[in-house]
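Structure first, commentary second.
Basis for what follows: all heavy atoms, side chains included, without hydrogens, waters or symmetry-related copies. The sequence lines fix the lettering, A, B, ..., with proteins before strands; numbering per chain opens at 1.
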Amino acid sequence: MSEQRIVRTRFAPSPTGALHIGGVRTALFNWLYARHAGGKFILRIEDTDQLRSTDESTRGILDSMSWLGLNWDEGPLFQTERAGIYRDAVRKLIDEGKAYRCACPPEELERKRKKALAERRKPKYDGTCRHRNIGPNPNTVVRFRCPDRGTTAFEDLVKGRISFENDELDDLVIERSDGFPTYNFAVVVDDALMGITHVIRGDDHVNNTPRQILLYKALGHDVPAFGHVPMILGSDKARLSKRHGATSVTAYRDMGYLPEALVNYLVRLGWSHGDQEIFSLDDLIRLFTLEAVGKSAAVFNPDKLLWLNQHYIKGAAPDRLARELAPFLEDLGITNPDPDFLARVAADLQTRSKTLVEMAESARFYFNEIRDYDLQLAEKYFDSTGAIYIQSVREALPGLGEYKKEGIENLLRKIAEENGTKLKNVVQPIRVALTGKTVSPGIDEVMVTLGKEGVMRRLDNALEFIRSG
RNA sequence: GGUCCCAUCGUCUAGUGGUUAGGACGCUGGCCUCUCACGCCGGAAACCGGAGUUCAACUCUCCGUGGGACUACCA
């Protein structure tokens, strides 16, 4: 009896661009599956496409994974460093008669394919070189000899039983003429050698699975379990791509999304746990199973992601928000703010910001005193009564005992009452005087955060502006 | 064309033969209120179609229809 093996999953992106929304979700599912089972999560970089692979992409992918908290136990391993391993595996198959060299010119194969298509036949390699016993030669590829008969089936962890007739499969190329393995071969060799027990990937790979199973068997390896998760679509139900807007993890980070929002959103795309919508990483590790992953493709919904981001911003600790917010403020020219002050600003803004970018934008007035008021606003709020209210507040402030929210609000109410007007009529001129805008956090919050001195200075600025204007 | 996969509100989904078909985003009416938000209460909104099986189908089977993936010396 073979012992129950420890679960080993992997994520194997190719470094040909930024880490994609679809890619991370696959990574997340693999990571969760491993963590849930107390197994290992391995990172492998599939960089055999020499032309399109870049170190920069690799760094970006690693960064994005770390930012999301998806740590890996082994790797990153690079396929380009494993060329000898694939070559040996190919040789072994040739020696055993399970693979053969093929010298068919690409143009001819292309011609045959087109002809087959035109005649409504399946375009399948015709086996010309199967028995020609061609030796090593620069212009040859190696093909895997696929069985003509029989059925290859597997029990998919999310979709259930899937089976293919072997005669639908053709003799796929496993080694290109440049000596590098093809994708289908390299994955099998790598997954087998790395002891991957559960291959969790996008369902665009289901059609690859039977030939890969055949390769596992030909190579004499155990066949892992497969779980094909549905893909993520754009709003037009087409595969998610750049034209649907932001699709990379870094793009969302730069737009001011919190990693937990992205993780929470992505996991709910295809997976669910009853009516629950909010999940921490710990919740997910505890609850995640592949059985609860749906079978159908999901449309990416930016609005729901935005809602989740807002939710997490709302609940975040102010000092943490302050740290996250700092780089976005820096983009606006606000550098090295006092951490405590910034935390108070973040606290004021956290129920009214959907992203950190939005929060930074709303936070500007806290750092820049207003000199030139908007003339339209000034005309409306700095009229004779507005000026009186500002003046009244300014004069009352020094005598205010406790400079706290309650005291401030009471003061404003008292002034409104004394002038026989509504609170809002006092508040709005003050708001414009302090923030330069008609929209801001609660006026008492703003005044507390700005501090008594700051508020008095700003009110003086406003009064000065009124006098000179 | 062939093969494979999929199908509940606009979107993400719960449902596992008998439910007023539930939740969430968005939309929308109201409450709260110093603006904007937050929060709270309410509303509109779905079982792709047709045959079966069954006392009873959203749920099981088959056939349509629609969508998607693959069909490379790309991964």
- Test of ring centre spacing under 6.0 Å for F300(A) and H244(A):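 That pair fails the under 6.0 Å test.
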- In whole angstrom, what separates R201(A)'s CZ from C5(B)'s P?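 From R201(A) CZ to C5(B) P: 15 Å.
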- Whole-Å distance between C38(B) P and W307(A) CH2?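 So the two atoms are 12 Å apart, to the nearest Å.
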- Message: On the nucleotide A24(B), are OP1 or OP2 found under 4.0 Å from the side-chain N or O atoms that Q276(A) carries?
- Response: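 False: Q276(A) side-chain N/O out of range (4.0 Å or more) of A24(B) OP1/OP2.
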- Would you indicate, yes or no, if C34(B) has its OP1 or OP2 atom less than 4.0 angstrom from a side-chain nitrogen or oxygen of R413(A)?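 True: R413(A) side-chain N/O within range (under 4.0 Å) of C34(B) OP1/OP2.
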- Side chains of T48(A) and Y183(A): closer than 4.5 Å at any heavy-atom pair?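 Not touching, per the 4.5 Å side-chain cut-off.
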- Message: Measuring from the side chain of K314(A) (C-beta onward, heavy atoms only), which nucleotide among G10(B), G39(B), G26(B) has the closest atom?
- Response: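 Among the listed nucleotides, the one closest to the side chain of K314(A) is G39(B).
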- Message: Starting the side chain at C-beta, find the nucleotide from G26(B), C5(B), A37(B) nearest to K159(A).
- Response: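 Nucleotide nearest to K159(A)'s side chain: C5(B).
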- Message: Counting primed atoms plus P, OP1 and OP2 as sugar-phosphate and everything else as base, spell out the protein contacts along nucleotides 66-75 of chain B at 4.0 Å heavy-atom distance: B, S or - for each nucleotide, 5' to 3'.
- Response: --SBS-SBSB
- Message: The test is salt bridge (Lys or Arg N to Asp or Glu O under 4.0 Å); show your working for D148(A) and R145(A) and say whether it passes.
- Response: CA-CA 9 Å; D148(A) 298 315; R145(A) 176 76 169 87; 3.6 Å; yes
- State whether the distance check finds a donor on one side and an acceptor on the other, under 3.5 Å, for side chain E168(A) versus base G2(B).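 Result: no qualifying N/O pair found.
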- Polar pair under 3.5 Å, donor/acceptor by atom type, side chain R352(A), base C38(B):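 No pair found.
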- Task: Please report the C-alpha distance between K405(A) and E409(A) in whole Å, then the side-chain angles of each, then the deciding distance to 0.1 Å, and finally whether the salt bridge (Lys or Arg N to Asp or Glu O under 4.0 Å) criterion is met.
- Result: CA-CA 6 Å; K405(A) 276 178 68 168; E409(A) 188 178 338; over 6 Å; no
- Query: Contact class for S353(A) vs. all strands (heavy atom < 4.0 Å): base, sugar-phosphate, or nothing?
  - Reply: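 If one applies the 4.0 Å heavy-atom cut-off, S353(A) turns out to touch nothing in the nucleic acid.
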- Query: Where do E110(A) and R113(A) land on the salt bridge (Lys or Arg N to Asp or Glu O under 4.0 Å) test, with the steps shown first?
  - Reply: CA-CA 5 Å; E110(A) 186 57 30; R113(A) 184 178 308 123; 2.4 Å; yes
- Query: Does anything in residues 425-444 of chain A reach RNA chain B, meaning a heavy atom under 4.0 Å, and if so which residues?
  - Reply: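 Within this stretch, V427(A), Q428(A), R431(A), T438(A), V439(A), S440(A), P441(A), G442(A), I443(A), D444(A) sit under 4.0 Å of the strand.
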